[in-house]
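Each chain gets a letter, A, B and so on, in the order its sequence line appears, and its residues count up from 1.
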Protein chains: 2
Amino acid sequence: MQRGTMALSRYPFGLIARRLGGATPLPKADERAILGLPLIIRTIEASRDIVYEVGQSDHCCVILDGWTYCYQLLTDGRRQILSFHVPGDLPDLQSLHLPSPDFGMATATRATVAFVPHADLRKLSDRYPAVAQAFWREILVTAATHRAWITSLGRRDAREKLAHLFCEMYLRLKAVGLTDGYSMPMPLRQPDFADALGLTPVHVNRTLRSLRVERLVDLRGRRLMIHDWETLCAIADFNPKYLHLPE
Amino acid sequence: MQRGTMALSRYPFGLIARRLGGATPLPKADERAILGLPLIIRTIEASRDIVYEVGQSDHCCVILDGWTYCYQLLTDGRRQILSFHVPGDLPDLQSLHLPSPDFGMATATRATVAFVPHADLRKLSDRYPAVAQAFWREILVTAATHRAWITSLGRRDAREKLAHLFCEMYLRLKAVGLTDGYSMPMPLRQPDFADALGLTPVHVNRTLRSLRVERLVDLRGRRLMIHDWETLCAIADFNPKYLHLPE
DNA sequence: CGCAAACTTGATGGCCGTCAAGCAAAGTGG
DNA sequence: CCACTTTGCTTGACGGCCATCAAGTTTGCG
């Protein structure tokens with residue numbers, strides 16, 4: 001475990017300050033304040049619950065490297081993934097204002113995560129209104145993404161659901177500079193897709209094959225190649241507005 | 001159309017102040033400030049879009065009477081309902097902080113709605129921190145409800161979905177005093193259930209019948225009678241925590 | 001009162017789940 | 001570093017939940 005800001009150069013933490021600004025960049029002073037936050041940085045193995053041993057959940061977490069997800073379980077063991085998170089994301093900002101979270105968090109890959117004390121985040125947002133605004137914006141975009149998932153789960157078939165998820169993750173990764181043309185990292189396993197889209201792994205497999213056969217996408221070696229972005233968007237009926245990305 | 005606060009005695013507006021407080025009631029001064037908000041009150045027919053003719057969407061709305069819902073459409077016309085709203089709800093508080101909404105709003109029944117200018121809400125929440133806190137709490141509970149719906153849509157079958165929706169609406173109506181024992185108003189039509197739960201009206205009909213035959217619930221004359229709350233909760237795997245209701 | 005929408009039920013079909021088996025990949029421990 | 005085990009991938013066979021189509025009845029709005 002590392003403490004303090006020394007190690008930050010190895011992680012895209014400046015990115016977070018930039019991303020929070022969205023279309024309207026944060027003032028320099030606000031960015032500096034963000035970079036000065038005290039952090040506890042941890043690297044967690046793949047497929048582990050992200051437990052808040054640091055204090056009892058009085059921290060928010062920032063994804064620095066790897067993928068994580070939020071999920072809920074039914075008592076009989078059925079799992080539903082609620083959202084995926086990539087570097088630069090703040091998956092549980094809401095814990096600042098609403099105690100007793102209603103979901104769990106886990107790593108999809110080995111991931112490096114920074115924990116920031118609630119107290120420091122509150123001080124920060126009290127002092128820098130633009131930061132407070134940015135935090136809330138982040139929470140509202142999460143809610144908008146939830147709505148997009150509700151519509152996907154309720155009214156799209158398997159093929160359309162997969163296409164929609166690919167479109168969303170492509171733009172989010174592109175926004176943080178993790179794409180390479182139309183190629184992107186895609187470390188999720190077929191059971192992860194299944195639990196996110198309300199399907200079974202077997203059916204995810206068949207649906208992926210059909211997308212591959214039609215030369216729309218290619219998922220190999222933990223990378224996704226999008227061969228036909230326009231058609232993929234059309235199949236998904238994808239409208240990126242809800243992500244509120246700049247440009 | 002009515003203006004000002006005169007008409008408020010006819011509507012459960014004090015309720016909203018109380019509901020916003022949640023488990024910890026708002027200070028009296030804050031409640032008075034809420035009751036002093038300028039309002040435009042409208043009664044809208046059933047099955048109409050709630051359009052913001054008042055200015056261009058620089059208002060939030062408060063449901064005073066009747067039921068409304070938020071929805072998204074796919075370009076081919078498929079509809080997904082994202083949430084239902086009952087008296088006391090503030091369905092679009094998020095518009096205060098995030099322009100360009102990603103969903104539409106419509107009435108499920110004839111409904112009376114109050115519109116409050118963003119500017120006044122902002123003044124209010126700047127001046128009364130407890131109100132600001134309450135507004136954000138409201139938004140976060142909406143997000144938590146979205147998550148519960150994601151899990152329902154992804155991992156519950158038709159019968160469980162219906163049971164879960166009934167449990168949620170029962171507790172929400174009970175919290176605003178609109179239930180009568182285990183009986184409650186339920187003005188939604190079968191096509192509304194279908195679009196909320198990712199089903200077809202035909203299948204909703206069959207599923208309702210099976211719940212009725214088993215004497216779990218009875219839906220007649222726009223009212224829902226819950227005969228066996230415990231079993232209904234068990235079928236739905238219902239955990240009310242996400243609603244963050246008092247008590 | 002008339003027409004549109006909702007409700008109800010039956011028949012049929014398809015998307016996706018379940019079960020199963022073989023194989024590949026990746027993580028674990030000696 | 002290799003045996004071992006777990007997890008994931010792939011494909012086939014089969015079944016079930018839910019969609020679609022259709023037609024008759026009822027409700028309710030204008």
S.K.: Identify the heavy atoms of B:S210 and B:R159 that sit nearest to each other, and give their distance.
M.R.: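 Closest pair (atom of B:S210, atom of B:R159, distance): OG-NH1, 3.4 Å.
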S.K.: D:dT7 C1' sits how many Å from A:L188 CG, rounded?
M.R.: 15 Å
S.K.: The side chain of A:V202 lies closest to which of these nucleotides: D:dA19, D:dG8, D:dG12?
M.R.: D:dG12
S.K.: Roughly, in whole Å, what's the span from CG in A:L199 to P in C:dG14?
M.R.: 20 Å
S.K.: Using the C1' atoms of the five pairs at each end, what is the angle between the end axes of the helix from C:dC1-D:dG30 to C:dG30-D:dC1, to 10°?
M.R.: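 So the angle between the two local helix axes works out to 70°.
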S.K.: Round to the nearest Å and state the distance from B:L211 atom CG to C:dT8 atom P.
M.R.: 13 Å
S.K.: Taking the side chain of A:P191 as its heavy atoms from C-beta onward, which of D:dC21, D:dG8, C:dA6 lies nearest to it?
M.R.: D:dG8
S.K.: Are the ring centres of A:F84 and A:F193 closer than 6.0 Å?
M.R.: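 So the answer is no for these two rings.
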S.K.: If I take atom NE2 in residue B:H203 and atom C1' in nucleotide C:dT12, what distance separates them, rounded to the nearest angstrom?
M.R.: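 One finds 15 Å between C1' of C:dT12 and NE2 of B:H203, rounded.
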S.K.: Tell me: CZ of B:R209 to P of D:dC18, nearest whole Å?
M.R.: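 From B:R209 CZ to D:dC18 P: 14 Å.
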S.K.: For residues A:I235 and A:L216, determine if any side-chain heavy atom of one lies less than 4.5 Å from a side-chain heavy atom of the other.
M.R.: yes
S.K.: Are any side-chain N or O atoms of B:S95 and backbone N or O atoms of B:D92, one a donor and one an acceptor, separated by less than 3.5 Å?
M.R.: yes
S.K.: If you check every side-chain atom of B:R189, which of C:dG17, D:dA19, C:dA6 has the closest atom?
M.R.: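 Closest of the options to the side chain of B:R189: C:dA6.
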S.K.: Identify the heavy atoms of A:R147 and B:Q72 that sit nearest to each other, and give their distance.
M.R.: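 Closest approach of A:R147 to B:Q72, heavy atoms only: O-OE1, 3.5 Å.
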S.K.: Has the side chain of A:R206 got a donor or acceptor that lies under 3.5 Å from a partner of the other kind on the base of D:dG12?
M.R.: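 Present.
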S.K.: Without hydrogens or angle criteria, can the side chains of B:Y71 and B:D192 be said to hold a donor-acceptor pair below 3.5 Å?
M.R.: no
S.K.: By nearest atom, which of the nucleotides D:dT10, C:dA26, D:dG28 is closest to the A:Q190 side chain?
M.R.: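 Minimum distance to the A:Q190 side chain belongs to D:dT10.
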S.K.: Starting at the 5' end of DNA chain D, which residue's closest nucleotide do you reach first, B:V204 or A:D192?
M.R.: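 The residue mapped nearer the 5' terminus is A:D192.
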S.K.: Do A:V62 and A:V113 have side-chain heavy atoms sitting under 4.5 Å apart?
M.R.: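 SC-SC contact between A:V62 and A:V113 ruled out.
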S.K.: Assess the residue pair A:R223 and A:D218 against the criterion (salt bridge (Lys or Arg N to Asp or Glu O under 4.0 Å)); give the C-alpha distance rounded to whole Å, side-chain angles, the decisive distance to 0.1 Å, and a yes or no.
M.R.: CA-CA 8 Å; A:R223 287 193 71 83; A:D218 209 342; over 6 Å; no
S.K.: Please report the distance, rounded to the nearest Å, between CZ in A:F193 and C1' in C:dC16.
M.R.: 18 Å
S.K.: Any base atoms under 4.0 Å from A:G221, or only sugar-phosphate, or nothing? Heavy atoms, all strands.
M.R.: nothing
S.K.: For B:R155 and B:T151, does a side-chain donor sit closer than 3.5 Å to a side-chain acceptor?
M.R.: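 Judged by distance alone, the side chains do not pair up.
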S.K.: Determine whether the side chains of A:T68 and A:T107 contain a donor N or O and an acceptor N or O closer than 3.5 Å.
M.R.: no
S.K.: Separation of B:R222 atom CZ from D:dT26 atom C1', in whole Å?
M.R.: 11 Å
S.K.: Among C:dT9, D:dA19, D:dC9, which nucleotide has an atom closest to any side-chain atom of A:N205?
M.R.: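 Closest nucleotide among those given: D:dC9.
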S.K.: Residues from residues 150-166 of chain A sitting under 4.0 Å of DNA chain D, heavy atoms only?
M.R.: none
S.K.: How many Å lie between CG on B:D195 and P on D:dA19, as a whole number?
M.R.: 11 Å
